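Side-chain atoms are counted along with the backbone in the values below, which use heavy atoms only and exclude waters and symmetry mates. Source: prediction; values computed, not measured. Remember, it's 1-based here, ligands and their atoms both numbered in the order they're listed.
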Amino acid sequence: MPEPTATTPADHPLVRVYRTAALIHRSDERLRGMLTSGELAAAYYSPRGQEIVAAAMAHSGVTTDDYLVTTYRGIHDQIAKGMPLDLLFAEIFGKATGACKGKGGPMHVTHPDTGVMVTTGIVGSGLPIGVGLATSSDIRKDGRVTVVCFGDGASNIGAFHESLNLASLWKLPVVFVCQNNLYAESTSYANGTTAEHIADRAAGYGMPGVTVDGNDPQAALDAFTSALDRARAGEGPTLVEAVTYRFMGHYFGDPGSYMDRDEYDAALAADPVPALRALLLERGLADDDQLRAWETQISEEVDRAITFASDSPYPGADELRLDVYREQVPA
Ligand SMILES: Cc1ncc(C[n+]2csc(CCOP(=O)(O)OP(=O)(O)O)c2C)c(N)n1
Ligand SMILES: [Mg+2]
């Protein structure tokens with residue numbers, strides 16, 4: 001469903017995108033801070049640099065009922081989809097109060113109530129799962145769209161190609177979102193991928209493919225809105241490639257010494273989060289006092305969820321075998 005037309009500046013789509021991006025940004029900053037200080041020990045893959053893509057996706061007509069499939073580098077997508085921060089952080093911390101009782105951990109976050117169906121660490125494996133979810137919606141006619149987020153590296157995996165083929169053949173309600181951050185672990189895009197644009201590959205499967213600047217909120221909003229409308233109208237899938245940049249190493253602790261320094265510096269200078277803040281000021285969509293007030297609220301919201309996660313207990317040993325098999329097997 002398209003979002004209502006903006007009636008006040010706070011409703012403006014670019015303002016909404018900024019507030020979601022700022023929430024993602026602050027969450028990531030706090031988690032990295034805790035990993036650095038040793039207060040948190042977890043596998044963590046920062047989405048820093050990719051905030052606008054996720055935030056634009058969230059404000060393009062995706063509803064809570066729609067499905068999301070994402071990857072280990074997924075907190076931006078999970079937050080944008082509306083997953084409660086306390087359940088998300090507690091899961092990352094491995095706590096009993098987490099969305100999966102701490103047994104999924106950061107790589108396997110699931111929260112069906114907000115449509116966060118699958119988070120996977122197996123590169124490319126989310127696409128066929130997303131096609132399965134979209135097939136279920138097609139059969140049930142439940143009106144849901146499945147959004148599958150994955151990286152540039154994943155587009156070189158066989159499952160990407162199989163999934164695009166089947167989704168197009170069956171005209172499934174799915175949007176494939178390739179977040180092209182120009183690196184797959186330590187392999188740069190140019191060293192690992194033949195296509196000039198990943199979106200060009202869509203033509204081979206008879207579906208629209210569009211490459212957008214993932215740092216440009218309006219371009220991303222437009223691309224996601226068209227793809228979602230098309231999926232919801234029963235016209236089939238779209239491949240949206242949003243070009244971004246990975247500001248951190250592959251995993252937390254990876255210094256990224258293999259990254260091109262000039263390219264890195266240029267990307268950082270174009271950091272999309274402060275750039276959108278500046279755009280809001282320039283267009284008069286918010287003034288500095290209003291932005292600061294929102295940022296303070298966001299910081300407090302993140303702090304509350306961090307405290308909840310920190311203060312929560314770890315799951316007990318009696319949980320070990322529960323939720324593993326269909327039949328519950330107590331420890
Ligand atoms: C099937 C599979 N092969 C290899 C790996 C190891 N691996 C983990 S992340 C990654 C890079 C993926 O890059 P990309 O799809 O661009 O996502 P990004 O990390 O940039 O978000 C690789 C090769 C894996 N997890 N799964
Ligand atoms: Mg990548």
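Classification of the Y258-Y183 ring pair by plane angle, with boundaries at 30° and 60°, yields tilted.
For the pair R304 and D86, the salt-bridge criterion is not met [side-chain N within less than 4.0 Å of a carboxylate O]. Look at R32 and D28 and you find a salt bridge, because one of the NZ, NE, NH1 or NH2 atoms lies within 4.0 Å of a carboxylate O, short of that distance. Contact check on R48 versus D271 returns a salt bridge, with a Lys/Arg side-chain nitrogen under 4.0 Å from an Asp/Glu carboxylate oxygen. Salt bridge R292/D287: absent, no basic N to carboxylate O contact under 4.0 Å.
Within the 4.5 Å cutoff, side-chain heavy atoms of F89 are placed close to those of L31.
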Test side chain to side chain donor-acceptor pair (under 3.5 Å) applied to T244 and N181, step by step: CA-CA 5 Å; T244 63; N181 61 12; 5.5 Å; no
Taking it one step at a time, do R201 and N156 satisfy side chain to side chain donor-acceptor pair (under 3.5 Å)? CA-CA 10 Å; R201 292 177 167 171; N156 295 324; 3.0 Å; yes
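Around ligand 1, the residues contributing at least one heavy atom under 4.0 Å from the ligand are Y72, R73, G121, I122, V123, G151, D152, G153, A154, N181, Y183, A184, E185, H250.
Protein N/O/S atoms nearer than 2.8 Å to the Mg ion (ligand 2) total 3.
Atom CG in L291 sits 9.5 Å away from atom CZ in R19 (nearest 0.5 Å).
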